[in-house]
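Positions are given from 1 along the sequence. Both ligands and their constituent atoms are indexed starting at 1 by order of listing. All figures in this text were calculated on a predicted structure; none of them were measured in a lab.
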Amino acid sequence: MNGKELFVSPAEMQRQRDFSRLCAELLSQRFGETPKAFVHTYGCQGNVADSERIKGALSDMGFTFCDRPEEADLVLFNTCAVREHAEDRVFGNVGALKPIKESKNNNMIIALCGCMMQQTHIAEKIKKSYPYVNLVFGTFAVWRLPELLYRHLREGKRVFDVGQEEGRIAEGGSVVRDRFFKAWLPIMYGCNNFCTYCIVPYVRGRERSRDPEQIIAEAEELVKNGAKEITLLGQNVNSYGKKPDFGVNFSELLRRINAIPGDFIIRFMTSHPKDCSDELLETMASCEKVERHLHLPFQSGSDRVLREMNRGYTSAQYLGLCQKAYALMPDLAITSDVIVGFPGETREDFLKTVELVEQVGFSSLFTFIYSPRNGTKAAAMPDPIPAAEKSAWFRELCEKQEAMASVRSASFVGQIFRVLVEEYNDGVLTGRTSGNSNITFPGGEELVGRFANVKVTSAGNWVLSGELV
Ligand code: SAH
Ligand code: SF4
Ligand code: F3S
């Protein structure tokens, strides 16, 4: 596939807009003037960004959005396949839609999409066991939603579009965002790394980057419309710009977005340690709009396990990266993901993970118990450690991290942070510091979506408390 075929053509996008208009007519015949949609998103920010595009397409068809499936004419779940627990929740919630559909709205359209649906065995299960689900499509088909919905409305049949194909990039569709001041901006899709435990490369396809001009134009538009925080998204943003090659790497992209005039901040995720360059750390340090937060998943502290995981670095290399980053940015917050109980992991391996956590000093850690994923290499590896033992290790690691994080949080007391205020609840505002720590403080609703200087007055386990200065 050459660079050109990676992109959905403008003519094809126009065709989808034509389907949107046809859907609007059929929908108004069926549901009246303002059909309502309930969209629920599971999984990572990449999925949240997809849902914003799905909502854009639905809005083009005349849908408004509601907060409860009971009120909806169309219910759409955008699903995640990363761990078994995520999938179980989706099945449970899809099951709960059946009585709602039967009792409230027999005409209700139920649509399932996202990473879980991109797996053949899941789509088959939905086909067989959930006959009241009308529309199922995978991650590769998101841009074709108007056409798929039209087929369902027109023919009344169930529509499944979960074929294996090369994932493409669709530009120019509508986007409906939840909050105007906080924006997710995808810069690339897919993943080529095939970490042996991970389903993402199978359900998201090969890594592909958006044109930097499109990204910058979207960022400019966001800033013009009042965005205060832009988070650049990709499974491995450090390898942005490799395919197709636009001659712009991730550091250059960061510098160009940083140069957009306006008072806003930039975040990005996720960084893969194997592609985290000195240039990136130096760029972070020199770009005043880039926040002091690096999410850098290490997964394990054992070199043997890292090799088995196909991660492409050693724990010493990881530690070296963190030390370099702290040297350049002493106030940097590093967060990470870690997996406990990878197949064949021993107590010794696990203790190496604990050791790395002690050495780095993470501001927070997302800890997961390994979950076998159908079709991945690790799912076929012998996994002799009992679940109860893995759970005990998991708790041990969480306790270690909590103890370290509370020392770190306590050191913030008395410091003043510039915080983007995100929420208001009963006289209390919530925002996040540059290092992505949550902070709450008393204040008025008019501050939501604006920057405020907040002095930390006390530090709890998960959240800081403060006051406006
Ligand atoms: N692209 C990102 C991670 C995306 S998935 C990266 O490489 O860092 C988010 C996290 O889920 C991963 O970092 C990993 O810690 C966890 N994860 C992925 N697959 C998993 C599995 N099979 N079992 C348990 N945790 C898993
Ligand atoms: Fe999964 Fe590894 Fe790709 Fe992250 S880099 S999405 S963990 S395969
Ligand atoms: Fe889940 Fe897909 Fe994201 S599997 S974590 S929603 S890429």
Subject >> Interfacing atoms of ligand 3 (cut-off 4.0 Å, heavy-atom, Q235) >> reply: 7 (S)
**OP:** Pick one of side chain, backbone, both or neither for how P201 approaches ligand 2, counting any non-hydrogen atom pair under 4.0 Å.
**Re:** side chain
Subject >> By side chain to side chain contact (heavy atoms under 4.5 Å, CB included) - contacts of S9 (at least two apart) >> reply: A11, E12
**OP:** Salt-bridge test for E422 and K182: reply yes if a basic N is under 4.0 Å from a carboxylate O, no otherwise.
**Re:** yes
**OP:** Might you work through the side chain to side chain donor-acceptor pair (under 3.5 Å) test for D303 and T314, ending with a clear yes or no?
**Re:** CA-CA 5 Å; D303 289 342; T314 62; 4.6 Å; no
Original post:
Where is the nearest protein heavy atom to atom 5 (S) of ligand 2: which residue, which atom, and how far?
Top reply: N193 ND2, 3.4 Å
Original post:
Do other residues, nucleotides or ligands put more than 12 heavy atoms under 6.0 Å from the CD atom of E84?
Top reply: no
**OP:** Taking only heavy atoms of R311 into account, list the atoms of ligand 2 that are under 4.0 Å away from them.
**Re:** 2 (Fe), 7 (S)
Original post:
At a 4.0 Å threshold, what atoms of ligand 2 neighbour a non-hydrogen atom of C198?
Top reply: 1 (Fe), 6 (S), 7 (S), 8 (S)
Original post:
So does E71 pair up with R68, basic N to acidic O under 4.0 Å?
Top reply: yes
Original post:
Which N, O or S atoms belonging to the protein are less than 2.8 Å from atom 2 (Fe) of ligand 3?
Top reply: C115 SG
Original post:
Does K289 NZ have over 12 foreign heavy atoms under 6.0 Å away?
Top reply: yes
Original post:
Would you say E396's side chain and L351's backbone share a donor-acceptor pair under 3.5 angstrom?
Top reply: no
Original post:
Is it true that a side-chain atom of D60 and a backbone atom of S20 form a donor plus acceptor pair closer than 3.5 Å?
Top reply: no
Original post:
Which protein non-hydrogen atom lies closest to atom 8 (S) of ligand 2, naming both residue and atom, and how far is it?
Top reply: C195 N, 3.3 Å
**OP:** Could I get the full list of side chain to side chain contact (heavy atoms under 4.5 Å, CB included) partners for A380, not counting sequence neighbours?
**Re:** none
Original post:
So does K274 have more than 12 non-hydrogen atoms from other groups sitting under 6.0 Å from NZ?
Top reply: yes
Subject >> Interfacing atoms of ligand 2 (cut-off 4.0 Å, heavy-atom, V200) >> reply: 6 (S)
**OP:** Decide side chain to side chain donor-acceptor pair (under 3.5 Å) for Q359 and Q323; before the verdict, give the C-alpha distance in whole Å, the side-chain angles of both, and the deciding distance to 0.1 Å.
**Re:** CA-CA 10 Å; Q359 287 169 321; Q323 286 166 341; over 6 Å; no
Subject >> Passing candidate, side-chain contact (heavy atoms from CB on, under 4.5 Å) with I230, options I265, V223, I260 >> reply: V223
Original post:
Around atom NZ of K390, are there more than 12 heavy atoms of other residues, nucleotides or ligands at under 6.0 Å?
Top reply: yes
Subject >> Heavy atoms of other groups near H40 NE2, more than 12 under 6.0 Å >> reply: yes
**OP:** Answer with side chain, backbone, both or neither: which part of C191 has a heavy atom less than 4.0 angstrom from an atom of ligand 2?
**Re:** side chain
**OP:** Below 4.0 Å from any atom of ligand 1, which residues have a heavy atom? Give them in chain and number order, please.
**Re:** V82, R83, Y197, Q235, T270, P297, Q299, R311, D337, I339, F368, I369, Y370, S371, R373
**OP:** Give the atoms of ligand 2, by number and element, whose distance to some non-hydrogen atom of H272 is under 4.0 Å.
**Re:** 5 (S)
**OP:** Consider ligand 2: state whether an atom of it lies below 4.0 angstrom from any non-hydrogen atom of R204.
**Re:** no
**OP:** Report, in ascending order of atom number, the atoms of ligand 2 lying under 4.0 Å from any heavy atom of Y197.
**Re:** 7 (S)
Subject >> Y197 (side chain) donor-acceptor with I339 (main chain) under 3.5 angstrom >> reply: no
**OP:** Could you list the atoms of ligand 2 found under 4.0 angstrom from a heavy atom of F194?
**Re:** 8 (S)
